[in-house]
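Reviewing the structure listed below.
Being a predicted model, the structure only gives us computed values, none of them experimental.
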Amino acid sequence: MRVTGSQDRNFYRIMDSGAKITKGNQTYYIYMEVVTADKEHPENKGIQIIDLATKKAYNDRYFLWHSKKGIFTQEKVCEDYRTMLIYGNLREYYPVDRELSVQYFRNFIKRSIDYKELQTEIGKPNEELLKDEFVFEITQGVDEKTYVTCETCGDEIIRIKLVNEEEVLETIYEKDSEND
């Protein structure tokens, strides 16, 4: 069992991500998040997340522990649990019913760099990688999974990249570059 901790001025949390239980032929890996003290919200003390995963789910290349409060059990491969791999980083995935292409983004950026306008046209992203970096899944008939990442500063689009599960394939747009 392995325990790691993190702390800021008002909050202390312990994450236990190395526990393993075996029952018969089945092995489960356990992730727990425990808050030991929260100065701003003292009632927020105790177990926040318990996440159990079978060996099959845990060993899947798309495996990702849950990040929201609750109790979870993952028995199947992780792709079934809305997880995606974006240039080497595992992220939670929010499905959106739409079809987008790289050409759509190339055409959009020629007429506007307004992120709110983009979001009005195509809806919410599949995921937010970092603050102000959004991911949209591309459905253009390729064998590998591809995505467009859209970086913003306020409401302005400053960079659009085409990526796959392993790497950045192409920069479609970058503010103040030659294609601006």
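Using a 4.0 Å cut-off between charged side-chain N and carboxylate O, E167 and K161 make no salt bridge. Ionic pairing of E156 and K116 is not present here: no N-O contact between side-chain nitrogen and carboxylate oxygen is shorter than 4.0 angstrom. A salt bridge is defined here as a Lys NZ or Arg NE, NH1 or NH2 lying under 4.0 Å from an Asp or Glu carboxylate O, and R159 with E133 fails to meet this definition.
The distance from the CD atom of Q119 to the OG1 atom of T152 is 9.5 Å, given to the nearest 0.5 Å. I113 CD1 to K175 NZ: the interatomic distance, rounded to the nearest 0.5 Å, is 6.0 Å. One distance of note links OG1 of T22 with NZ of K55; it measures 8.5 Å at 0.5 Å rounding. A distance of 6.5 Å separates OG of S101 from CD1 of I138, quoted to the nearest 0.5 Å. Expressed to the nearest 0.5 Å, how far OG1 of T171 lies from CD of E151 amounts to 9.0 Å.
D51 is not listed as a side-chain neighbour of I30, based on a closest heavy-atom distance of 4.5 Å or more. At least one side-chain heavy atom of T54 sits under 4.5 Å from a side-chain heavy atom of Q26. In this structure the side chain of Y29 never reaches within 4.5 angstrom of the side chain of L52, judged on heavy atoms. Between E127 and E137 the shortest side-chain heavy-atom distance does not fall below 4.5 Å. No side-chain heavy atom of Y28 sits under 4.5 Å from any side-chain heavy atom of Y58. Taking the side chain as every heavy atom from C-beta outward, F108 and L118 approach each other to under 4.5 Å. The closest side-chain heavy-atom distance from I160 to I109 is below 4.5 Å. P125 has its side chain within reach of Y115: a pair of non-hydrogen atoms, C-beta onward, lies under 4.5 Å apart.
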Please step through side-chain contact (heavy atoms from CB on, under 4.5 Å) for the pair I157 and D114, ending with a clear verdict. CA-CA 6 Å; I157 298 170; D114 186 293; over 6 Å; no
Intermediate values then yes/no, side-chain contact (heavy atoms from CB on, under 4.5 Å), N126 and Y147: CA-CA 9 Å; N126 296 98; Y147 308 93; 5.7 Å; no
Can you list the steps and then say if K20 with T27 is a side-chain contact (heavy atoms from CB on, under 4.5 Å)? CA-CA 7 Å; K20 178 169 94 168; T27 299; 3.5 Å; yes
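Taking hydrophobic clusters as Ile, Leu, Val, Met, Phe, Trp and Tyr residues chained together by side-chain heavy-atom distances below 4.5 Å, I158 does not share a cluster with L162.
Under the side chain to side chain contact (heavy atoms under 4.5 Å, CB included) rule, I50 has a single partner from M32, K69, E33, which is M32.
Y104 and E121 form a side-chain donor-acceptor contact under 3.5 Å, judged by distance and modelled atom types alone.
Atom CD of E99 sits in a sparse spot, with 12 or fewer heavy atoms from other residues, nucleotides or ligands closer than 6.0 Å.
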